[in-house]
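This report concerns only the one structure given below.
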Number of protein chains: 2
Amino acid sequence: MKVTIYDVAKAANVSIATVSKVINNTGNISDKTRQKVKRIMKELDYYPNMLASALMGKQTKTIGLLIPDLVNPFFSELARRIEDRGHELGYNIVICNTDYDSAKENKYLLLLKQKRVDGFILASGFEDLKKVEELIKEEIPVVIVARDFPMFSVNAVAIDDFMGGYVAANHLIELGHQNMGVVARDLWSNRERLRGFHYALESHGLQINKNFDFIKDINDHIKAGRHMTEKYLTGDNRPTAIFACNDLLAAGVIQMAKEWGLQIPEDLSVIGFDNTSIATVIDPPLTTVAQPIESMGREVMDLMVSIINGEKEEKSRVTLLPSLVTRKSTQALNVACKTN
Amino acid sequence: MKVTIYDVAKAANVSIATVSKVINNTGNISDKTRQKVKRIMKELDYYPNMLASALMGKQTKTIGLLIPDLVNPFFSELARRIEDRGHELGYNIVICNTDYDSAKENKYLLLLKQKRVDGFILASGFEDLKKVEELIKEEIPVVIVARDFPMFSVNAVAIDDFMGGYVAANHLIELGHQNMGVVARDLWSNRERLRGFHYALESHGLQINKNFDFIKDINDHIKAGRHMTEKYLTGDNRPTAIFACNDLLAAGVIQMAKEWGLQIPEDLSVIGFDNTSIATVIDPPLTTVAQPIESMGREVMDLMVSIINGEKEEKSRVTLLPSLVTRKSTQALNVACKTN
DNA sequence: TTGAAAGCGTTACCAC
DNA sequence: GTGGTAACGCTTTCAA
């Protein structure tokens, strides 16, 4: 059988209260007994049952992470950074792939509440915010990450998506592009990026390509990027540059453009978003708007822990700034292109 | 405060024993009380505290997954499939990035044992097997996945790595290649793949390129692939084909070869391993030896659950078979190449 | 068909 | 300094 605090107490000839105190470094106990108890614990290969201590009101040292899809490199990298920081701080991460499906979100939420996780980090869609409000009402720590946030008070860390779109647009404008397509999903963050993109264009008297439409295909970003690109290329008034709202979409754009015999960036400039590892894997290496994924992971975990420890009175929002990473997939508008 | 089974019992005018029975569908209770209790649970928004029931000997419905690195697409895809199947079966997954670091492995193992996870799935390196033996001795369910296994009795699911290497070699041999390089790490699975590769070559009287060496750089597979490729390209007796032991390494190989002005596959055939999502993202699309990641995830989780439920008397091993996925990065040896 | 009570492995308060 | 003991929220026998 498992060895418990009783076994240790008996073997050390002390009470369980004493053992508990040496485990937690609380109370006053003589150095002699402390040493003895520690020795016995080693000998018996005893390790405390955290379920029991959590039942007594201690933390479970476990955080639930709800994320749309680990296969998406942005999220797997984010998950990795969150887990890294969690590990440093003594927390384990339970990972949940939601697929933007609110039924799954709810199932996970309930299950993890039953397991008494110390808090939730939500990277998921959560277009429906009732559940988030519920958590807050139940006083369960929540932090939202990597999506922009609702109008009510909630802890969050995210980048300025509006600015990200703005940066992307300015880069293309500086390169002389005037006819730009966008590939985006109908999600909050993508809408914000689009808004920023629009904003930059408008201040230069430009508009995005008429053939723009939000993509519907949720399952496969690459396919979606390909599909939307085809639409741009078959349509009249072909864009000379495309802004894809994430790197995966951009990969699809590039694939399809190549299949059409276009050269990137000579015939079409492509800019992505996220700066995931695939940006350097595809050919040409992708110019993209970088999210500081590592900092985001760190910040969100730090924020979570400070909330758990009651160090935050007020809700707080951390906004990180995106930055342009220039690689080879964008270039100045080639005038010859206009004949297309 | 949290609502407990006592609150429900009081509100329903029954004992907590009765409430417990309706929660677990055990014992005999009249339909009338069952309905009443259920109604009250809803009204009070009651959900059972799983810590308490786990303390009483029930499962925690949580599995620890130790994996080297979520950023590696092979592992993130595997983790996703495991989590998917776990979710279907009512289990949550705690994810742990070990970076092949046995100190981290040990920390995670201990921590999760304290949290009384129902079992461990080990995708990590675990070249040191003492810890695995310890788990088995403690009768904690363990399944090893995606690495070949030690000489002692342990549950495992993996592909036949030897055969994978063999398949890769045969493909290249059929294409007429005679001078082949390999890019591999000094890990069990890679060694097996290499052994299979060798075996196929030898039965055709061939040997791998003399410049072969295991790569040491652990952090960055792409960089490692690039580096090893450079070695092959600068050395005399240049290979006409390269077998990279995973897709990421293959991506590095292709990058470097292109930088040297080589055309893939005209000047150099490249074959990868894993068939992760990046195989279709890079250019040209990568010919690779596919691991059936989805099946692996499913099998490993199913095996884990059957062990937890005591349905397995003996240890079992599931060996899945790799298969060749032909894309554009390999082609028949171009005779003109030999002048290189 | 229902309920009382013992126990799961801790922590924390209060005596001694 | 140390120990007894009442929680924590649940499951499970055993009586009623």
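Computed from a predicted structure; not experimentally measured. Chain identifiers are assigned alphabetically (A, B, ...) following the order of the sequence lines, protein sequences preceding nucleic acid strands; residue numbering begins at 1 within each chain. Any value given below was found using the heavy atoms of this structure, including those in side chains, with hydrogens, waters and symmetry copies removed.
- Nearest-nucleotide assignment on DNA chain D puts the 5′-proximal partner with A:L55, out of A:L55 and B:K21.
- Within the nucleic acid shown, B:S20 comes within 4.0 Å of at least one base atom, counting heavy atoms only.
- At D:dG1, none of the side-chain N or O atoms of A:T18 fall inside 4.0 Å of OP1 or OP2 (strictly under the cut-off).
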Check step by step if side-chain contact (heavy atoms from CB on, under 4.5 Å) holds for B:K113 and B:L135.
-> CA-CA 9 Å; B:K113 285 199 302 195; B:L135 289 176; 3.9 Å; yes
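- The side chain of A:S30 sits closest to D:dT2 out of C:dT2, D:dG3, D:dT2.
- Among D:dT2, D:dT12, C:dT11, the nucleotide with an atom closest to any side-chain atom of B:A17 is D:dT12.
- The interatomic distance linking A:M50 (CE) with C:dC8 (C1') rounds to 17 Å, in whole Å.
- For the pair B:K36 NZ and C:dT2 C1', the interatomic distance rounds to 11 Å; values are reported in whole Å.
- At a threshold of 4.0 angstrom between heavy atoms, the contacts of A:L51 with the nucleic acid are absent.
- D:dG3 atom P lies 14 Å from atom CZ of A:R34, rounded to whole Å.
- Contact annotation: A:S15 side-chain N/O to D:dG3 OP1/OP2 distance is under 4.0 Å.
- Rounded to a whole Å, the CD atom of B:Q35 is 12 Å from the P atom of C:dT2.
- Among the atoms of the strands shown, base atoms are found under 4.0 Å from some heavy atom of A:I5.
- B:T26 comes within contact range of no nucleotide atom at all, as no heavy-atom separation falls under 4.0 Å.
- Nearest-nucleotide assignment on DNA chain C puts the 5′-proximal partner with B:N28, out of B:N28 and B:A52.
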Assess whether side-chain contact (heavy atoms from CB on, under 4.5 Å) is satisfied between B:K131 and B:L110, documenting all intermediate values.
-> CA-CA 10 Å; B:K131 287 292 164 182; B:L110 179 58; over 6 Å; no
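- Of the two residues contacting DNA chain C, namely B:R116 and B:I16, the nearest-nucleotide position lying further toward the 5' end is that of B:I16.
- Distance alone, capped at 3.5 Å, places no donor-acceptor pair between the B:T98 side chain and the B:D101 backbone.
- Rounded to whole angstrom, the span from the NZ atom of A:K32 across to the P atom of D:dT2 amounts to 9 Å.
- Look at CG on A:D7: it is 13 Å from C1' on C:dC8, rounded to the nearest Å.
- One can place CG of B:N49 at 13 Å from C1' of D:dT11, the figure rounded to the nearest angstrom.
- By the 4.5 Å heavy-atom criterion applied to side chains, B:I121 and B:M301 are counted as neighbours.
- Atom OH of B:Y47 is separated from atom C1' of D:dG9 by 13 Å (rounded to the nearest Å).
- Partners of A:Y108 under the ring-ring contact (aromatic ring centres under 6.0 Å, His included) rule, at least two apart in sequence or in another chain, are B:H87.
- Contact annotation: B:Y6 does not reach the phosphate of C:dG3 (side-chain N/O to OP1 or OP2, under 4.0 Å).
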